[in-house]
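Values below: every heavy atom of this structure, side chains too, minus hydrogens, waters and symmetry copies. It should be emphasised that the depicted structure is a prediction, and the values quoted were computed from it without experimental measurement. Naming: A, B, ... by sequence-line order, numbering from 1 per chain.
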Amino acid sequence: MFNFYGDDISAFQIISLILYVVLAPFAGGLIAGIDRKVTARMQGRVGPPVLQPFYDVGKLLQKEAVTVGRGAQDFYVMCCLIFMIIAGAFFFFGFNLLMVVFTLTTASIFLVVAGYSSNSPYAQIGAERELLQMMSYEPMVLLTAVGLFMVNGSFNVENIIGNEVFSLKFLPGIFIGYLFIITIKLRKSPFDLSMSHHAHQELVKGLTTEFSGKTLAALEISHWYENIFLLGFIFLFFANGTWYMAVIGIAAVVVCYFLEILIDNGYARMKWQFTLKSAWIMTLIFGGANIFVLYYLRGYLWLAA
Amino acid sequence: MASYITKSPWIIHYDGSSCNGCDIEVLACLTPMYDVERFGIINTGNPKHADIFLVTGSVNEQNIPVVKQIYDQMPNPKVVVAIGICATSGGIFRECYNIVGGVDQVVPVDVFVPGCAARPEAIIDGVVKGLGVLAEKQAALAKGVRDAEVPGAYKYEEAAEETAEAAAEEIAEEAPEAAAEKAAEERKEEEAV
């Protein structure tokens, strides 16, 4: 078997692809459950059971279907879910990182369109804010892919993982920048502008205000898929083909997610202006400078071009 | 298929005309002291996400459409819990000219939680009682039966008409001439319309 580059496809790639499609929702839901439990403990509460997100989605699937806009909304949200699964599938298949980023963007755009498709002002303002959030994080996501390419000489996830380079050594700025924007992607305070997991936002439920029942469940599941491969990006900074770095990479993912929960509980929601400015400043300073240094030092480093 | 609705009841809370005492007690349920999220209960601000409609305070002429609209926007199965004596019967505001009475005058209520103000423990108890109703409605929905209209619900319109008639009679008894003039004016207005 060959992929688009004419290289051999390993059994490992196919297994990881299947494992992703089947297990990612379970892992993502479990992470969401642990997230809620840890958040509750941080606030001095007992918190819901760890399996609570599964109960929530199970309930939503059983609720009556109420759709706004003659079914268009459901269509867009299902597209969001499907493209999210495809984006993650590219990632876990070891395919091109740029392709992952662009498919992820497509999925996000479908979500925005779903928000716009209802005439609810809450959903529409939520959709506008989602667009602003995309503007904020997108440059850094691309720079992450570019940085990993410059260090590993390939955009393919398979090669980045297999390459003997410990990427974080050359990409500390990119890593910090990515950690910053993943706060937006994971919808954590202070950047949960378009929709919040916490109740009583000024926009009711923002982008998701008009979604209910199965549609909302589909959106929740797409978040679970998304979170898994977004955390996978963190793993890429550590992976160098050895088992112990793989373990360290997974530990790093856990530590980073804990940091995100801490930030979520430590900050109030900011305005979109702050989100946009801070994200772009972080992108320029940490991401841009890192790429700049890499570009001029590549002769001194042994980096493959 | 197992029913998950009792494990994940999401709430929308609306405060009608009241002193806000029950309103504050509902919010107290979310604090670390009571922590209703233990039961998977989330206070969503959104009727489309909600399973349980908590109403505090009595219903007046101004907020009848608000209560009805929130109720109508909630997808089935859904449960209404009236919190506090005002939401149950109108409470001390019952005799006010603008009050139509408890929430049951506008939407079908499944659980009544009396009290002034209702204690957080009582509110949680009421919601948990509502879960039983919710499970029954879920089972009915699975068989294709939508939330049946409760007989006597939406009777506020009738009640309002009766009140208006009684008031008109009273005026007619007290001052027949004034009432006749008023009636004549009203007829004129109607013709003009």
Side-chain angles (χ1 to χ4, degrees), chain A residues 29 32-33 35-69 73 118 120 122-123 126 195-217 219-220 265, chain B residues 1-15 23 26-52 54 69-79 124 131 134-135 137-147:
Chain A
D35 183 341
R36 279 175 71 173
K37 195 83 184 169
V38 171
T39 298
R41 300 307 302 183
M42 281 179 181
Q43 296 170 357
R45 294 187 287 117
V46 176
V50 175
L51 295 180
Q52 188 61 44
F54 297 106
Y55 300 150
D56 291 346
V57 165
K59 175 204 69 177
L60 289 172
L61 288 172
Q62 290 175 342
K63 288 281 278 188
E64 180 192 34
V66 178
T67 309
V68 182
Q73 195 183 44
S118 72
S120 160
Y122 302 117
M195 68 176 90
S196 174
H197 291 295
H198 309 297
H200 283 284
Q201 196 182 350
E202 74 278 15
L203 280 185
V204 187
K205 277 288 183 182
L207 194 54
T208 60
T209 301
E210 297 299 317
F211 305 156
S212 59
K214 294 178 184 64
T215 316
L216 191 60
L219 185 64
E220 200 59 33
N265 282 290
Chain B
M1 200 154 69
S3 173
Y4 294 105
I5 199 148
T6 55
K7 285 179 176 171
S8 156
W10 291 358
I11 280 170
I12 180 159
H13 165 222
Y14 178 76
D15 185 30
D23 185 38
V26 167
L27 294 178
C29 297
L30 304 170
T31 57
M33 174 87 177
Y34 299 102
D35 187 27
V36 285
E37 209 191 345
R38 281 175 299 159
F39 311 114
I41 299 173
I42 290 180
N43 187 9
T44 72
N46 185 358
K48 296 202 172 176
H49 293 187
D51 309 297
I52 297 182
L54 292 188
Q69 193 171 21
I70 293 173
Y71 180 80
D72 289 339
Q73 281 190 0
M74 288 167 66
N76 281 309
K78 55 189 166 188
V79 157
I124 295 169
L131 294 183
L134 209 52
K137 288 188 177 179
Q138 172 78 67
L141 190 72
K143 286 175 196 157
V145 183
R146 277 175 61 95
D147 203 358

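Relative to the six-membered ring of W10(B), K59(A) meets both conditions, a distance below 6.0 Å and an angle of at most 45° to the axis.
For the atom pair CD1 (I41(B)) and CD (Q52(A)), the distance works out to 9.5 Å, reported to the nearest 0.5 Å.
Across all non-hydrogen atoms, the minimal contact from R45(A) to P32(B) is CG-CA, 3.5 Å. Taking all atoms of both residues into account, the shortest heavy-atom contact from H49(B) to T209(A) is NE2-O, 4.1 Å. The minimum heavy-atom distance linking S212(A) with K48(B) is given by the pair CB-O, 3.1 Å. The nearest pair of heavy atoms linking E37(B) to R36(A) is OE2-NH2, 2.9 Å. Between T208(A) and N46(B), the closest heavy-atom pair is O-ND2, 4.1 Å. Considering all non-hydrogen atoms of both residues, K63(A) and D51(B) come closest at NZ-OD1, 2.7 Å.
For Q73(B), no part lies near chain A; criterion is any non-hydrogen pair under 4.5 Å. Proximity to chain B (any heavy atom under 4.5 Å) is restricted, for V66(A), to the side chain, taken from C-beta onward. Only the side chain of L60(A) comes within less than 4.5 Å of a heavy atom in chain B; its backbone stays farther off.
Annotation: Y122(A), atom OH; neighbour count of heavy atoms from other residues, nucleotides and ligands within 6.0 Å does not exceed 12.
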